[in-house]
Amino acid sequence: MQRLAKKWRRAGEDIGLVPTMGYLHEGHLSLARAARKRVGKRGRVVVSIYVNPTQFAPTEDFSKYPRDLKRDLKLLRECGVDVVFTPKDAEMYPDRSAVPTGFSTYVIEENLSQRMEGASRPAHFRGVTTVVAKLFNIVRPDVAVFGQKDFQQAAIIQRMVRDLDFPVRIIVAPTVREADGLAMSSRNKYLEDDLRRQATVLRRAIDMARAAVKKSRKISAAELKANVEKIIESVPDARLDYVEFFDPETLVPVTEVSGGVQMALAVFVGKTRLIDNERL
Ligand code: PAJ
């Protein structure tokens with residue numbers, strides 16, 4: 001992949017990268033299209049598919065994370081992607097558990113990673129920044145596209161690029177949703193009939209907050225959080241992990257919510273953990 005990227009660069013072709021963990025849906029494909037738009041017809045679009053073990057906790061769904069490479073490749077071919085990069089664990093993390101010879105260097109963002117997803121999933125963002133830094137060094141993209149769906153992840157990657165001088169432009173593309181408002185996610189596959197219906201509660205919570213802000217202009221975050229909790233609790237198999245209202249640039253929580261504040265929440269629906277967010 002590095003050799004190929006070097007060849008493309010020499011020929012003056014711009015490179016766009018879309019990192020994914022596969023089991024692709026329209027959200028991922030919209031990122032590939034955004035990358036194509038950026039690099040043009042003569043540029044190169046690379047989509048990586050790699051279920052990155054270092055961003056999963058031992059208790060999480062790494063081994064049962066959905067995978068279907070054949071289907072993914074077909075979708076990406078139809079989408080006009082040039083290369084699908086599918087590295088193996090042994091290539092990405094040589095001898096990860098071997099001491100002292102194995103993989104032992106990580107990239108850690110220390111500020112934006114503390115709250116929300118970082119608080120609920122310790123070491124998650126360390127795995128994300130590490131694998132994305134590796135992908136940047138392997139693919140050497142001019143632009144890389146990430147989804148707004150993972151708002152905190154996109155903010156952390158932008159910070160990493162700024163702090164460590166990666167020569168790449170980050171584009172954040174809008175969240176693609178199902179017809180009923182559920183944000184597309186590979187993990188939606190885990191939701192069977194009734195749970196799938198219950199999963200619309202995230203969208204309903206966001207809509208409620210949005211309507212409340214629109215109506216009263218300014219409303220206390222504590223009050224909004226209590227209302228979100230009520231909505232989530234009214235759904236039999238849903239359990240609120242967190243809901244936050246914060247400044248979209250700094251991710252610092254606000255006490256008063258008004259227009260322009262970012263809302264993010266994580267909810268367990270059955271055993272499946274779903275996230276969503278939106279600018280109010
Ligand atoms: P994954 O969950 O496969 O998502 C890959 C990219 O697709 C991310 O940038 C994510 O924000 C974006 N995405 C997911 N659902 C989306 C939706 N409904 N609309 C728009 N974009 C969406 O995020 C990861 O993988 C990993 O953490 C990764 C960055 C690949 C590092 O391992």
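- Atom CZ of Arg169 has 12 or fewer neighbouring heavy atoms from other residues, nucleotides or ligands inside a 6.0 Å radius.
- For Arg273, the CZ atom sits in a packed shell: over 12 heavy atoms of surrounding residues, nucleotides or ligands are nearer than 6.0 Å.
- Contact annotation: the side chain of Gln153 never approaches that of Val132 to less than 4.5 Å [non-hydrogen atoms, C-beta and beyond].
- Glu256 places no side-chain N or O within 3.5 Å of a backbone atom of Ala221 that could act as its donor or acceptor partner.
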Pair Thr255, Phe245 - check side-chain contact (heavy atoms from CB on, under 4.5 Å), show working. CA-CA 8 Å; Thr255 49; Phe245 297 91; over 6 Å; no
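- Between Met160 and Thr129, the shortest heavy-atom contact is SD-O, 3.6 Å.
- In this structure, the side chains of Arg204 and Val235 come closer than 4.5 Å at one or more pairs of heavy atoms.
- Shortest non-hydrogen contact noted between Leu240 and Glu229 is CD2-CG, 4.0 Å.
- Here CG of Asp207 is found 9.0 Å from CD1 of Ile231. Values are rounded to the nearest 0.5 Å.
- Side chain of Thr20 to backbone of Ser48: a donor-acceptor contact under 3.5 angstrom is found.
- In the displayed structure, Arg96 atom CZ is contacted under 6.0 Å by more than 12 heavy atoms of other residues, nucleotides or ligands.
- Taking a 4.5 Å side-chain heavy-atom cut-off between Ile, Leu, Val, Met, Phe, Trp and Tyr, the cluster of Phe56 extends to Met21, Val51, Phe62, Tyr65, Tyr190.
- Cluster note: Leu75 groups with Val18, Leu24, Leu29, Leu31, Val39, Val45, Val47, Ile49, Leu69, Leu73, Leu76, Val81, Val84, Val143, Val145, Ile171 through ILVMFWY side-chain heavy atoms spaced under 4.5 Å, whether in direct contact or through intervening members.
- Sorted by first and then second residue, the salt bridge (charged side-chain N to carboxylate O under 4.0 Å, His left out) pairs involving residues 45-64 (not counting sequence neighbours) are Glu60-Arg121, Asp61-Arg187.
- Of all non-hydrogen atoms in Glu244 and Lys225, the two that sit nearest each other are OE1-NZ, 3.4 Å.
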May I have the step-by-step check of side-chain contact (heavy atoms from CB on, under 4.5 Å) for Arg44 and Asp14, ending in yes or no? CA-CA 6 Å; Arg44 302 290 188 165; Asp14 278 352; over 6 Å; no
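- With hydrogens and angles ignored, the 3.5 Å screen pairs a side-chain donor or acceptor of Ser220 with a backbone N or O of Glu223.
- The cluster map of Ile, Leu, Val, Met, Phe, Trp and Tyr, joined by side-chain heavy atoms under 4.5 Å apart, puts Leu280 and Val172 in different clusters.
- When side chains are defined from C-beta on, Ile15 counts as touching Val139, because their heavy atoms get closer than 4.5 Å.
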Please walk me through it: do Arg36 and Asp82 pass side-chain contact (heavy atoms from CB on, under 4.5 Å)? CA-CA 10 Å; Arg36 170 60 68 198; Asp82 293 290; 2.9 Å; yes
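- Judged by distance alone, the side chains of Tyr242 and Ser120 never bring a donor and an acceptor atom under 3.5 Å apart.
- Atom CD1 of residue Ile232 and atom CZ of residue Phe268 lie 12.5 Å apart, to the nearest 0.5 angstrom.
- Rounded to the nearest 0.5 Å, atoms CG (Leu274) and CG (Leu265) are 9.5 Å apart.
- For Arg126, the salt bridge (Lys or Arg N to Asp or Glu O under 4.0 Å) criterion is met by no residue, not counting sequence neighbours.
- Looking at heavy atoms from C-beta onward, Asn137 lies in side-chain contact with Phe166 at the 4.5 angstrom threshold.
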Verdict with supporting geometry, Glu278 and Arg177, salt bridge (charged side-chain N to carboxylate O under 4.0 Å, His left out): CA-CA 12 Å; Glu278 201 154 271; Arg177 298 178 179 281; 3.4 Å; yes
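- The shortest non-hydrogen separation linking Pro141 to Leu17 is CB-CB, 3.7 Å.
- At a cut-off of 3.5 Å, with distance as the only test, a side-chain donor of Asn277 or Gln262 sits close to an acceptor on the other residue.
- Figure legend: Lys88 and Tyr50 shown without cation-pi pairing, the cationic atom not lying both under 6.0 angstrom from the six-membered ring centre and within 45 degrees of its axis.
- Within the 4.5 Å cutoff, the side chain of Met116 has heavy atoms near those of the Phe246 side chain.
- In this structure, the salt bridge (Lys or Arg N to Asp or Glu O under 4.0 Å) partners of Asp142, at least two apart in sequence or on a different chain, are Arg9.
- Distance CD/Glu178 to NE2/His25: 8.5 Å, rounded to 0.5 Å.
- Both Val254 and Val213 belong to a common hydrophobic cluster when Ile, Leu, Val, Met, Phe, Trp and Tyr are linked at side-chain heavy-atom distances under 4.5 angstrom.
- Separation of atoms CZ (Arg197) and CG (Asp180) is listed at 10.5 Å; rounding is to 0.5 Å.
- Using a 4.5 Å heavy-atom cutoff, the side chains of Leu135 and Met92 are in contact.
- There is a path of hydrophobic side-chain contacts, each under 4.5 Å, that joins Phe136 to Leu4.
- Minimum heavy-atom separation, Phe125 to Gly118: CE1-N, 3.5 Å.
- Using modelled atom types, no side-chain atom of Thr130 and backbone atom of Gly127 make a donor-acceptor pair closer than 3.5 Å.
- Rounded to the nearest 0.5 Å, atoms CG (Asp95) and OG (Ser104) are 11.0 Å apart.
- Under the 4.5 Å side-chain heavy-atom criterion for grouping Ile, Leu, Val, Met, Phe, Trp and Tyr, Leu182 is not connected to Tyr23 through any hydrophobic cluster.
- Within a 6.0 Å radius of CD in Glu78, other residues, nucleotides and ligands contribute more than 12 heavy atoms.
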Checking side-chain contact (heavy atoms from CB on, under 4.5 Å) for the pair Glu110/Arg159: CA distance, chi angles, key distance, verdict? CA-CA 10 Å; Glu110 297 195 323; Arg159 177 66 60 87; over 6 Å; no
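- You'll find the side chain of Lys230 stays beyond 4.5 Å of the side chain of Glu233, heavy atoms only.
- Considering only heavy atoms from C-beta on, Pro53 comes within 4.5 Å of Asp89 through its side chain.
- We find that Glu26 and Arg33 are joined by a salt bridge, their nearest charged nitrogen and carboxylate oxygen being less than 4.0 Å apart.
- In plain terms, the two heavy atoms of Pro174 and Gln148 that are nearest each other are CA-CB, 4.1 Å.
- Residues Met263 and Val201 share a hydrophobic cluster, clusters being chains of Ile/Leu/Val/Met/Phe/Trp/Tyr side chains in contact below 4.5 Å.
- With hydrogens and angles left out, the side-chain atoms of Gln198 and Asp194 include a donor and acceptor closer than 3.5 Å.
- Partners of Tyr106 by ring pair (Phe, Tyr, Trp, His ring centres under 6.0 Å), not counting sequence neighbours, listed by chain and number: Phe103.
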